[in-house]
Amino acid sequence: EFIWKRQELQNTHISQPEKKRHVLVLYTGGTIGSKWSEKGYAPAQDYLEIAVRTFPMLYDKDYELNEEIEVDNMKPLVLPLTIHKYRIVYYIKEYNPLLDSSNMSMSDWAKIA
């Protein structure tokens with residue numbers, strides 16, 4: 001649960017230091033990173049990061065990432081502070097080409113595994 005979600009917890013985290021964790025998100029394609037096309041929604045290269053930045057529960061736009069650096073051309077993103085004082089910094093690595101699970105064969109599943 002995130003602090004921003006519970007009004008009564010918003011000022012309780014001040015006295016405790018936050019703990020930072022790093023996560024790598026492997027994105028193979030799917031709904032969250034899809035854009036509208038002439039064939040309907042389809043996974044779009046480099047779109048997931050843009051989409052994530054529009055959701056406050058997935059991206060804290062006010063948090064300064066001064067000490068975080070790009071890794072393999074992946075920009076760091078950060079979640080809002082959790083009630084347990086965790087700050088999750090994450091990177092999105094995209095599969096190329098992106099796949100739509102509704103159009104995948106068994107060989108596609110085997111490749112991403």
Side-chain angles (χ1 to χ4, degrees):
E1 190 166 12
F2 299 106
I3 288 176
W4 65 269
K5 199 172 178 185
R6 301 222 3 228
Q7 191 69 29
E8 71 273 13
L9 295 174
Q10 286 187 352
N11 295 321
T12 62
H13 67 284
I14 295 171
S15 63
Q16 301 172 337
E18 65 184 49
K19 299 164 266 193
K20 199 178 286 186
R21 298 295 184 258
H22 291 81
V23 174
L24 176 62
V25 176
L26 301 174
Y27 176 59
T28 58
T31 306
I32 193 169
S34 292
K35 284 177 72 173
W36 181 254
S37 72
E38 62 278 351
K39 296 179 181 179
Y41 283 98
Q45 207 73 40
D46 300 320
Y47 180 69
L48 179 60
E49 182 182 331
I50 294 166
V52 161
R53 290 178 184 272
T54 65
F55 294 100
M57 72 287 286
L58 298 177
Y59 178 66
D60 186 346
K61 67 179 176 59
D62 297 322
Y63 183 75
E64 292 291 327
L65 283 167
N66 296 330
E67 70 277 2
E68 300 299 330
I69 58 170
E70 285 189 23
V71 177
D72 292 333
N73 295 323
M74 294 179 292
K75 294 181 181 102
L77 299 162
V78 64
L79 292 176
L81 193 63
T82 70
I83 62 171
H84 298 290
K85 295 294 294 174
Y86 283 100
R87 181 68 71 176
I88 310 299
V89 178
Y90 65 104
Y91 299 85
I92 299 172
K93 177 128 180 109
E94 289 188 354
Y95 188 78
N96 192 359
L98 292 173
L99 303 170
D100 185 339
S101 61
S102 64
N103 296 327
M104 287 174 58
S105 66
M106 287 303 282
S107 63
D108 291 321
W109 287 107
K111 281 181 195 174
I112 64 173

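Counting from 1, the numbers follow the sequence of the chain as shown.
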> What's the spacing between Y41 OH and T31 OG1 if we round to 0.5 Å?
Replying inline: 10.5 Å
> Minimum heavy-atom separation for P43 to G30, with atom names?
Replying inline: CG-N, 3.7 Å
> If you take all heavy atoms of I32 and A51, which pair is closest and at what distance?
Replying inline: O-CB, 4.0 Å
>> Do F55 and Y47 sit in one hydrophobic cluster, given that two such residues count as connected whenever their side-chain heavy atoms are within less than 4.5 Å of each other, even indirectly?
In response: no
>> Would a single hydrophobic cluster contain both I50 and V25, if residues Ile, Leu, Val, Met, Phe, Trp and Tyr are joined by side-chain heavy-atom contacts under 4.5 Å?
In response: no
> Are any side-chain N or O atoms of Y90 and backbone N or O atoms of L58, one a donor and one an acceptor, separated by less than 3.5 Å?
Replying inline: yes
>> Check this for me: K35, atom NZ, are more than 12 non-hydrogen atoms of other residues, nucleotides or ligands nearer than 6.0 Å?
In response: no
>> For a 4.5 angstrom cut-off between non-hydrogen side-chain atoms, does P80 reach Y63?
In response: no
>> To the nearest 0.5 Å, what is the distance between OG1 on T28 and CG on D100?
In response: 10.0 Å
>> Looking at K75, I want to see if its NZ is surrounded by more than 12 non-hydrogen atoms of other residues, nucleotides or ligands under 6.0 Å.
In response: no
> Do side-chain atoms of D72 reach the backbone of M74 as a donor and acceptor pair under 3.5 angstrom?
Replying inline: no
> Which heavy-atom pair separates L99 from M104 by the least distance, and what is that distance?
Replying inline: CB-SD, 3.7 Å
>> Please determine whether the number of non-hydrogen atoms from other residues, nucleotides or ligands lying under 6.0 Å from atom CG of N73 exceeds 12.
In response: no
> Between Q45 and P97, is there a donor-acceptor pair closer than 3.5 Å when you use the side chain of the first and the backbone of the second?
Replying inline: no
> What orientation do Y91 and H22 show, parallel under 30°, tilted 30 to 60°, or perpendicular over 60°?
Replying inline: parallel
> Same hydrophobic cluster for I69 and V89, using side-chain heavy-atom links shorter than 4.5 Å among ILVMFWY?
Replying inline: no
> D60 versus L81: any side-chain heavy-atom pair under 4.5 Å?
Replying inline: no
> How far does OG1 of T54 sit from CD of E49, to the nearest 0.5 angstrom?
Replying inline: 11.5 Å
> Considering only heavy atoms from C-beta outward, does the side chain of Y27 approach that of V52 to under 4.5 Å?
Replying inline: no
> Looking at V78 and R87, what are the two nearest heavy atoms and their distance?
Replying inline: CG2-CD, 3.2 Å
